[in-house]
Amino acid sequence: MTVLQWIPHLFLALPMLALIVNNVIPRARIRTTTIAMSATVAGAQMLLALAGVFLLVESGESAVRFGMIWDAGKNVGYFQTDLVSMFLLMCVGMVALASALTALTTIDDHRGSYTNLLMVMMLGLNGMLLVRDLFSLYVFLEVTGLASFVMIGMYKSTRDLEGAFKYLALSALATIFILTGLSFLFIKAGSLAFDALTPALFSGAGDGSTLLCWAALVLLISGYSIKSGVAPFHSWLPDAYESADTAVSIMLSGIVTKIAGVYSLLTLTRLFDGIAPLKTVLALLGMFTILVGALLALAQKNFKRIAAYSSVSQMGYILLGFAAGTNLGILAGLLYLFSHSAAKSAFFTNAAALEKQLGTLNIDEMGGLQKRMPITSGSSVVALLSTAGVPPFAGFWSKLMVLLALWSAGLKGYAAFALIASILTGAYFLRLQKKVFFGKPNPRWDAVVEITGGIRVSEILLTIVTVAVGLVFPLLLLYLQRAGLI
Amino acid sequence: MNVTTVMLVSGLILILAGCIELIRTHHMLKIIIGLELAIKAISMFLTLGGWLNGNIALAEAFVVTVIVLEVVVATVLSGIAISIYHKHGNMDIRNLRNLKG
Amino acid sequence: MNIAIYVCLGCMLVFGVFSAASRKLIISAVALAVVSAALGVLMYVLGAHTAAIFEVSVCSGLVTVIFISAVSLSNGDKQIEAQDVAVPARKRRFLPAILIGAGAILMIVAWLTGFSVGTPAAAVSGANFNDVFWETCQADIFGQMVALIAGASAIVVFFKESENE
């Protein structure tokens, strides 16, 4: 087997191995190193997936198929990874690494269980990216939802459980919608494998089953939209992010809403390629989301709630990229996903640093922290500029690509709207920066020092990633063009 | 009036009942009842799909997987409800907001 | 066979609505168990024997036991009565009324438009639950394993004493 063929096995095997090691070794011995072990697994996944992307492009194949428990006998393979999945696996690794590094400092209770749940969540996310069947996608989606719900409820930074329960109720509703949609598709199509679901399902005989397929599409879009926190289904998101521990918020905002929601919507668009109403609905949802998220973020006072509404808003850009429908659109959406993961994880890491050193997250009480916490302030400024789309950071390039994709696909109005909405993004972030880091120093914080340890490493790492990807982006585009992907 | 149409309509009624209960209830354990009721209807739809397409075995595989997942979800939800009950003394969701200590 | 299907559907509907609308938790749980049993019989009639066994033994048995133990471990039944005192009896009849209304509307629309999803096809020969499940659904098997591990970790996390206390 070549290197390319055994790399994908590791994405499912490494977290499983970490789970076994974590539970077999006695609790007393593993207590100090368990979160470091999960950080190692996450880092390894990030590097392996990066290598996998380049190997896959070089090899010229479109996908790698493999089996996990036993090898494929009569079938060609049970799991598969293509370029999109490899890229997203790298994002999963990156965000999980940031979360584990933050957890080294912020979590000191039930550390073994944190590793368990993080590994389970990684297995769920990796599984979602590796399957060939819409039903298996649902299975791993459910696993991810379960793990994320437990992490929200378990590691609470406030005593407020209301966020966890709102998330639970809406998540159960999403499950019901998705499963009903899947069963309607199954009634018409007879199988839920990716190979069997084609746009031809939506035309054809005029009997009731075609109507069921349209209803299924509506239900699936609603269910996945709830999972991704797209407006108007976003009401669970700010409460859940605020009440969870920051390490958990990093995972949720950085990758779970993206893979569980937006990647599933991307799968739908790739499967049902010619259905025009699908793209229009996604574009409208994207626009609505950008607007709602940005407007609501302007009014918030809590650092984490601003970050949460900002996540809602940025999800709309990713949706717009996917809704363009072309290869360029999908690429733009994926790159925006990556740059937003990096920037938002950095932002939440800053929130963790502020919470640890200051004890409060109310931005009205902060002020002039730039001198006291230079690293946190610097990484926050980089994250802000990247999200708002200022060169030369990664966010600028990905936003440019989304606009180009929309323009070339003929959706010019949406492109203009997205450009104007960036001003709103800049507005709420500038307000935040001014109140927290710049401005008059609040004498209450005179004794505050910069954060050290895992949080500092994570901040620096994510800032380097954002800056580096922004600087080498043109080379990346040339490479992709040489490989024939643009 | 085909028998399949009747099945579809009754399944939709059950799903509606489950969803309404899920959203409107204030008791933690009744969320599980609402979810389970909707999943029953969905299992019926999956079996119906298999019956119509002649592929009962695949439908059975789906139903078995859904059952396993929903048992896990129901168990975890019950566990959470009991643990919250032990800490706070009742199971009303409305009491969960802004609890201090 | 159609008679059997209609009887099962009727049972499911009646006990399902009863379960959703009932105030007492134990009655809801038992009604849910009856719905599961009726669904199991329906599945058997349609030809899905293995799924029927699973449905009856797991949903009708295991989930009901879990639920009733959760209720008894927490004395939750008393809570529901206490808080529903404030809800007038008028409001409680809303749910069945809405459901019956919706059902009637859907039936009339389906009858008027002649809605139909096609006729049942003959069974694909050689398709057996064992073959299909173990040969083609390995991803689902792996997913179920991970789900069970997730459930176990979740229960441990919620019931373990805090290490710092």
Side-chain angles (χ1 to χ4, degrees), chain B residues 1-10 12-14 16-18 20-21 26-30 32-34 36-37 40-41 43-44 47-48 50-61 63-65 67-76 78-83 85-86 90-92, chain C residues 2 5 9 12-13 16-17 19-20 25 28 32 35-36 39 42-43 46-48 50-51 54-55 58-59 62-63 66-67 70-71 73-74 76 79-80 83 95 99 102-103 106-107 110-111 115-118 120-124 127-129 132-133 137 140 144 147-148 151 154-155 158-159:
Chain B
M1 184 64 62
N2 217 345
V3 68
T4 53
T5 316
V6 176
M7 275 208 256
L8 279 173
V9 170
S10 11
L12 281 174
I13 300 294
L14 274 178
L16 193 64
I20 291 181
E21 163 132 13
H26 296 303
H27 194 277
M28 269 178 235
L29 289 178
K30 288 212 112 206
I32 306 179
I33 299 263
E36 289 294 318
L37 206 51
K40 304 267 168 286
S43 311
M44 180 173 75
T47 324
L48 177 64
W51 187 51
L52 284 176
N53 286 303
N55 204 354
I56 296 266
L58 188 61
E60 283 183 297
V63 168
V64 164
T65 309
I67 290 177
V68 168
L69 287 179
E70 296 316 311
V71 165
V72 172
V73 168
T75 312
V76 169
S78 307
I80 293 171
I82 295 179
S83 131
Y85 177 79
H86 280 166
N90 68 5
M91 283 210 191
D92 193 335
Chain C
N2 276 357
I5 295 181
L9 279 181
M12 278 176 72
L13 272 177
V17 175
S19 166
L25 274 177
S28 281
L32 199 64
V35 172
S36 295
L39 181 63
L42 179 64
M43 284 184 187
L46 288 181
T50 320
F54 252 85
E55 178 74 36
V58 174
C59 291
L62 182 61
V63 172
I66 291 175
F67 198 79
V71 170
L73 274 176
S74 63
Q79 300 301 320
I80 243 196
Q83 56 180 268
L95 182 64
L99 292 173
L106 279 175
M107 287 289 233
W111 179 51
F115 185 83
S116 127
V117 253
V124 173
N128 176 3
F129 171 73
V132 169
F133 189 61
C137 291
D140 295 340
Q144 288 178 42
L148 290 169
I155 297 288
F158 276 105
F159 285 106

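We name chains A, B, ... by the order of the sequence lines, and we start the count at 1 in each one.
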Let me know if [X] has heavy atoms under 4.5 Å from chain B in its side chain, its backbone, both or neither.
X	answer
C:I5	side chain
C:L46	both
C:A154	side chain

Which atom pair, heavy atoms only, marks the closest approach of [X] to [Y]?
X	Y	answer
B:A57	C:V132	CB-CG2, 3.5 Å
B:S78	C:I66	OG-CG2, 3.9 Å
C:A48	B:T47	CB-CG2, 3.9 Å
B:V72	C:A147	CG1-O, 3.5 Å
C:S19	B:I33	OG-CG2, 3.5 Å

Original post:
With sequence neighbours excluded, what pairs up with B:L52 under the side chain to side chain contact (heavy atoms under 4.5 Å, CB included) test?
Top reply: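 Per chain and number, B:L52 pairs via side chain to side chain contact (heavy atoms under 4.5 Å, CB included) with A:I187, B:T4, B:L48, C:V117, C:P120.
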Original post:
What residues, two or more places apart in sequence or in another chain, satisfy side chain to side chain contact (heavy atoms under 4.5 Å, CB included) together with B:V73?
Top reply: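 With neighbours one apart ignored, the set is A:E142, A:L146, B:L35, B:E70, B:L77.
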Atom group of [X] that falls short of 4.5 Å from chain C, counting heavy atoms:
X	result
B:E60	both
B:A17	both
B:L37	both
B:I20	side chain

Original post:
Among B:V64, B:I32, B:V63, who wins on heavy-atom pairs under 4.5 Å with chain C?
Top reply: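 The option with the most such pairs is B:V64.
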Subject >> Leading residue by heavy atom contact count with chain B [cutoff under 4.5 Å; candidates C:L148, C:L106, C:L62] >> reply: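 Option with the greatest count: C:L106.
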**OP:** Determine the option with the most heavy-atom pairs under 4.5 angstrom with chain B, choosing from C:V17, C:L32, C:V63.
**Re:**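 Counting heavy-atom pairs under 4.5 Å, the top option is C:L32.
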[atom2] on [Y] to [atom1] on [X], rounded to 0.5 Å:
X	Y	atom1	atom2	value
C:F133	B:L58	CZ	CG	11.0 Å
C:L9	B:S10	CG	OG	4.0 Å
C:M43	B:I56	CE	CD1	10.5 Å
C:L42	B:M7	CG	CE	6.0 Å

Original post:
Should C:V35 and B:E36 be marked as a side-chain contact (heavy atoms from CB on, under 4.5 Å) after you check the CA-CA gap, both sets of side-chain angles, and the distance that decides it?
Top reply: CA-CA 10 Å; C:V35 172; B:E36 289 294 318; over 6 Å; no
Do [X] and [Y] make a side-chain contact, defined as non-hydrogen atoms from C-beta onward lying under 4.5 Å apart?
X	Y	result
B:T65	C:C137	no
B:K40	C:C59	yes
C:L73	B:Y85	no

**OP:** Before giving the answer on side-chain contact (heavy atoms from CB on, under 4.5 Å), spell out for C:E55 and B:S43 the whole-Å C-alpha distance, their side-chain angles and the decisive distance to 0.1 Å.
**Re:** CA-CA 9 Å; C:E55 178 74 36; B:S43 311; 4.3 Å; yes
